[in-house]
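As structure tokens, the structure follows; a few thoughts come after it.
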4 protein chains.
Amino acid sequence: MQLGIVGLGRMGGNIARRLMLNGHTTVVYDRDEQSRTVLANEGSTPANDLKSLVAALEKPRAVWVMLPAGAPTEDTINVLADLLDKDDVIIDGGNTFYKDDVRRSIALKEKGLHYVDVGTSGGVWGLERGYCMMIGGETEVVDRLDPLFKTLAPGIGNIPRTKDRAKDADPRAEHGYIHAGPPGAGHFVKMIHNGIEYGMMQAFAEGFDILKTKNSDNLPAEQRFDLNMGDIAEVWRRGSVVSSWLLDLTADALATDPQLNAYSGSVADSGEGRWTIEAAMEQAVPVPVLSTSLFARFRSRQQSTYGDKMLSAMRFGFGGHKEPK
Amino acid sequence: MQLGIVGLGRMGGNIARRLMLNGHTTVVYDRDEQSRTVLANEGSTPANDLKSLVAALEKPRAVWVMLPAGAPTEDTINVLADLLDKDDVIIDGGNTFYKDDVRRSIALKEKGLHYVDVGTSGGVWGLERGYCMMIGGETEVVDRLDPLFKTLAPGIGNIPRTKDRAKDADPRAEHGYIHAGPPGAGHFVKMIHNGIEYGMMQAFAEGFDILKTKNSDNLPAEQRFDLNMGDIAEVWRRGSVVSSWLLDLTADALATDPQLNAYSGSVADSGEGRWTIEAAMEQAVPVPVLSTSLFARFRSRQQSTYGDKMLSAMRFGFGGHKEPK
Amino acid sequence: MQLGIVGLGRMGGNIARRLMLNGHTTVVYDRDEQSRTVLANEGSTPANDLKSLVAALEKPRAVWVMLPAGAPTEDTINVLADLLDKDDVIIDGGNTFYKDDVRRSIALKEKGLHYVDVGTSGGVWGLERGYCMMIGGETEVVDRLDPLFKTLAPGIGNIPRTKDRAKDADPRAEHGYIHAGPPGAGHFVKMIHNGIEYGMMQAFAEGFDILKTKNSDNLPAEQRFDLNMGDIAEVWRRGSVVSSWLLDLTADALATDPQLNAYSGSVADSGEGRWTIEAAMEQAVPVPVLSTSLFARFRSRQQSTYGDKMLSAMRFGFGGHKEPK
Amino acid sequence: MQLGIVGLGRMGGNIARRLMLNGHTTVVYDRDEQSRTVLANEGSTPANDLKSLVAALEKPRAVWVMLPAGAPTEDTINVLADLLDKDDVIIDGGNTFYKDDVRRSIALKEKGLHYVDVGTSGGVWGLERGYCMMIGGETEVVDRLDPLFKTLAPGIGNIPRTKDRAKDADPRAEHGYIHAGPPGAGHFVKMIHNGIEYGMMQAFAEGFDILKTKNSDNLPAEQRFDLNMGDIAEVWRRGSVVSSWLLDLTADALATDPQLNAYSGSVADSGEGRWTIEAAMEQAVPVPVLSTSLFARFRSRQQSTYGDKMLSAMRFGFGGHKEPK
């Protein structure tokens, strides 16, 4: 099948590669000429601009936009909307807020265009492991694109089948992609995925922090252990309840840098974590762990907070306590 | 009434003063001679050691130990236990863990001695405002000491009476002291008081942090306000739902140092906050806010955590994300 | 001074009363005729509709809208915007989201109208205690309305002055109202006030929950106390660090109903708590306590959550644990 | 190698089986005769009491106690301590608090006995998958028992090797067991494992709660999705960042009961979760997510809390709000 791809960064480029490795053809555009050339050398048809890209595609066209969420994606979709014809499909594979998907799908529908949102997990590992995809869109459009999704997905692989899964359950889920629902549903599910990810990561972070601190000179000698962080992560990978891909990655990081000296401790966050909390508030769902995980990241990026200083100011006020500088 | 006082720090000294200002007599001891002299000049009978202190008191004796919790208090009580006679009372006014009170009261009872624990809130303000006291002990012993507690307590003052309080309710509560229950109950209630205090302080800290950050250059100009921290604290003092003594103290701190530059942001915690969480766990009571408030203080004392670095390590692992150093 | 008031519920009616008691005149409208009649009997000029209300006011007019946030307020302001003349002022005293204030003020400015947002704390107690007001708007407009605000505010009262407050600090703050900044700033500050309120309330709730549970038959007899909830709340009102208006209210509730049997345990929340978290996320401020307080309310309204069931399902999966039904 | 096993419940019985399947011999005791008979039929030597068990073992003996933590384990170890001879080993494979291990190991050392604590993860799956073991004890004793641990551990299996793990790293970790440190270190690491487990579980629970609620009739129709819980869990199992054994178990539960109707929502907790928080407090490590996860379980077991009622009482106090019953 043929796919147009706009945005040839780490994700977009590897999507093109994984498709071509499996017999699909791609027409690609990136504002960086070098990126286009690289893909052209690997078999893609390069386009010099969006107009050429659209012209090079057969109808009904499918164009996958793989750009940073926000203005870059929005602007590109707006331009494509004017270039495309009835029944063509725009796929947004980026980290878009699901309400933007809903809004766009309605606007595009008025022009006879289709909109599909694909929440994609797998990051830099997608080329090798395949992409876990959560897809929102009209059923017949998602079905039309199925050959692409099937190729991009990880497939059943050597992950054991879920024992009691119904015979008539949607087989796509086992292959690592689902049609989650109407436009927006794909990014909604991906958003929650990331919210959960934050919580799981923070759980590991807090647990290892206790383990690490148990080695600390600050403890009386008789209370101290000399725990090996790398071995602990490694041992949990087999047979333990916390075995997970995040633990695999942790074990890998600790294998070469058990003190994690390569990292400053300042942790970024992306939109999904915040939107997850917003969704929870809209739906009145208690999410103390997911929110606290997000706030731990906010905190990690600050030396000290105004709030902390205020605590000290109050302590001084009622007790004359002077905090150590 | 006569009281022996051991420990003439900020608290012990002012307790002696407040008692003497109201017609009681005191026999005082502190290992620091200078402190004893100061109090002697204000009317106390100084003692050179615990033995002399005990000798100088009339039976049945009452000795108030006002020392740091842990070894200093424990050791002093052990010495006193050997010096005192049947029916004498040891009062622990420090920040003792309530289970230590229970243990001690049982041990002292075997010697015919009484034990009273007094959780005291009021800090440096006690001399002026009076001490809010939560008292644990046998009823007849607490009653015997009532003249002391009545004097030390704030009294009804100009705080409006609670509208619907029953006519036959314990009048001591309105005067700022209660007999909470058997030995340990006083410090238990004080411990929870401090746990609540942590939560209230953190609520103010977080709220003002948002207010302060709303002024920040990091925000786009059109989203920025220029809020006056001191005025906001001041305005809430009258008629608002959050009016409180902690807010009064905050307003005072902000009046002269709205940026709170005097403080490093490193916030200490004392035993009560941690014991509150332990008690909650023993009783299976959910206390996410009290615990999170405690942990915010732990966090405030660190530049960065091993856990935060681990988050970055995982992010690098699955997404190739490099955190800014 | 003359003020038009739209909405004669608990808040709007009492605002009219407090103004009239202090020499101001009011023209009032409520869609409920009965409410208008009541106020007319107390001295207000009643209007049968918004048009008549506008007609009855002298220019430049000031109309205070005191309605539920959202559609009722929005619709009323839209109608008023068409009826009013250049330089008239619309005051929104409700619980409006501050971004709506910003939007409205810009739209009204194009018509030559002014917009003032007043975040009001004080609830049912305002008539008696005065309203703590946080005001957003253009300086000259807020100044023009000052006589109204001054009357509605609590005034200095018998609350002790903040010791170190600068001589040249804005005197309004001490009287219980501030001009916080441009349109939206008033509701922004009020929003944070409520966020803090949630945190303080939850701190008390958790602390008293531990106290109450310490009396429980579920504990071994030797660990149990028989703490008196009402006395504890009462004693903390004088001299303790947690003394506050919220504690006063708690003491009042416990005085007549120490088991709190009048309440189901299902706790509502209003917009401000949620918006506070949103603001914190926009500004990357860690607010784990404010958010957790909000989520405790969400949780309180559910018998059990799907999430809780999922925990049990996992426990059964890895350990064969059967949870008690 | 020969091992004595006391306690033939799910864990103890399967440990015996896995050992015998791999050429080891076992002498077993359980106070339930039926359990002994079952194991005897599978090849174990049954003992009628602890004395016979000790008598049936060759020196130096190794006895694995696999009983509920607390009194059952403590009492059994005390009896064994009197029966065993110098250089014999007692292994505690239960969920013991690590400070109890430290205490016991010191007491047993005085008698010339050795103590080994084994934190074991794997639950009902251990027979099939092997047990992930975290071991505390003296090096030469742990080494002596290595054949047993090697057999019980999962082995490398088909889990990919950690890429950068050092050639000279302890090979046992890859096989699913580690010698974590001196007595107590095994259960310490296992305790933190469970703390992390709580956090990960709660992250999934909260995330799926949002997903589930997004289907709810309480939402306006246009905001509602019709998400398939089972498919979402399934799709994340391949290629996503949250893939994990807990997710596998979740997918399995959702495959047959997507509403999770089999569960009441009342979730138990065991000691490790609480001890993890205690350890964090001792070491001043901020663990807001691990603690909040524990408290969510406490909350799940209550219809409503006294604290929640207090929130309503305050809301009524300041705003006249009546909560729905």
Side-chain angles (χ1 to χ4, degrees), chain A residues 10 121-125 197-198 201-202 204-213 229 245-246 248-250 252-254 257 259-268 288 292 296-297 299-321 323-325, chain B residues 10 121-125 197-198 201-202 204-213 229 245-246 248-250 252-254 257 259-268 288 292 296-297 299-321 323-325:
Chain A
R10 203 163 42 196
S121 183
V124 291
W125 297 78
E197 175 191 306
Y198 279 41
M201 290 172 71
Q202 183 66 19
F204 277 118
E206 294 182 4
F208 273 95
D209 209 350
I210 307 175
L211 292 170
K212 183 67 163 50
T213 312
M229 298 297 118
W245 192 42
L246 284 166
D248 296 346
L249 298 170
T250 301
D252 204 43
L254 291 170
D257 181 9
Q259 308 294 327
L260 298 175
N261 287 326
Y263 304 94
S264 66
S266 173
V267 190
T292 299
R297 294 193 179 190
R299 183 61 188 82
S300 79
R301 303 199 294 260
Q302 299 187 59
Q303 201 83 306
S304 67
T305 72
Y306 187 71
D308 291 338
K309 294 180 182 182
M310 182 163 281
L311 295 178
S312 293
M314 288 188 226
R315 294 187 80 238
F316 180 74
F318 64 71
H321 305 290
E323 310 282 4
K325 266 283 188 184
Chain B
R10 203 164 42 195
S121 183
V124 291
W125 296 79
E197 174 191 307
Y198 279 39
M201 289 171 71
Q202 183 66 19
F204 277 119
E206 294 182 4
F208 273 95
D209 209 349
I210 308 175
L211 292 171
K212 183 67 162 51
T213 312
M229 299 297 118
W245 192 41
L246 284 166
D248 295 347
L249 297 171
T250 301
D252 204 42
L254 292 171
D257 182 8
Q259 307 294 326
L260 298 175
N261 287 327
Y263 304 93
S264 67
S266 174
V267 191
T292 299
R297 294 194 180 190
R299 183 62 187 83
S300 79
R301 303 199 294 262
Q302 300 186 61
Q303 202 83 305
S304 67
T305 72
Y306 187 71
D308 291 339
K309 294 178 182 183
M310 182 162 282
L311 296 178
S312 293
M314 287 188 226
R315 295 188 79 239
F316 180 73
F318 65 70
H321 304 292
E323 310 283 5
K325 265 283 188 183

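Throughout, protein chains are lettered first and strands after them, A, B, ... in sequence-line order, and every chain is numbered starting at 1.
- Comparing H321(A), Q303(A), E206(A) by heavy-atom pairs within less than 4.5 Å of chain B, the highest count is held by Q303(A).
- Shortest non-hydrogen contact noted between Y263(A) and S312(B) is CD2-CB, 3.5 Å.
- For I210(A), no part lies under 4.5 angstrom from a heavy atom of chain B.
- The structure places CH2 of W245(A) at 12.0 Å from CE of M314(B), a figure rounded to the nearest 0.5 Å.
- For chain A, the nearby part of Q259(B) is the backbone; its heavy atoms alone come within less than 4.5 Å.
- Residue R297(B) touches chain A through its side chain alone, counting heavy-atom pairs closer than 4.5 Å.
- What you find for A268(B) and R315(A) is that their closest heavy atoms are CB-NH1, 3.4 Å.
- Taking chain B as the reference chain and counting heavy-atom pairs below 4.5 Å, the highest number among M229(A), E197(A), M201(A), R10(A) is found for M201(A).
- Taking all atoms of both residues into account, the shortest heavy-atom contact from D308(B) to G265(A) is CB-O, 3.2 Å.
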For F316(B) and L249(A), run side chain to side chain contact (heavy atoms under 4.5 Å, CB included): C-alpha distance rounded to whole Å, both residues' side-chain angles, the deciding distance at 0.1 Å, then the answer. CA-CA 9 Å; F316(B) 180 73; L249(A) 298 170; over 6 Å; no

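- When the candidates G207(A), G319(A), G320(A) are compared by the number of heavy-atom contacts under 4.5 Å with chain B, G319(A) comes out ahead.
- The residue from L246(A), V267(A), T250(A) that alone fulfils the side-chain contact (heavy atoms from CB on, under 4.5 Å) condition with M310(B) is T250(A).
- Ranked by non-hydrogen atom pairs under 4.5 Å with chain B, the options F204(A), F208(A), F318(A), Y198(A) are led by F318(A).
- Only the side chain of A253(B) has a heavy atom closer than 4.5 Å to any heavy atom of chain A.
- Among S304(B), G317(B), S121(B), the residue with the largest count of heavy-atom pairs under 4.5 Å with chain A is G317(B).
- We find the CG-CD distance between D209(B) and Q302(A) to be 6.5 Å, quoted to the nearest 0.5 Å.
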Check the pair Y306(B) / L260(A) against side chain to side chain contact (heavy atoms under 4.5 Å, CB included), numbers first and verdict last. CA-CA 7 Å; Y306(B) 187 71; L260(A) 298 175; 3.8 Å; yes

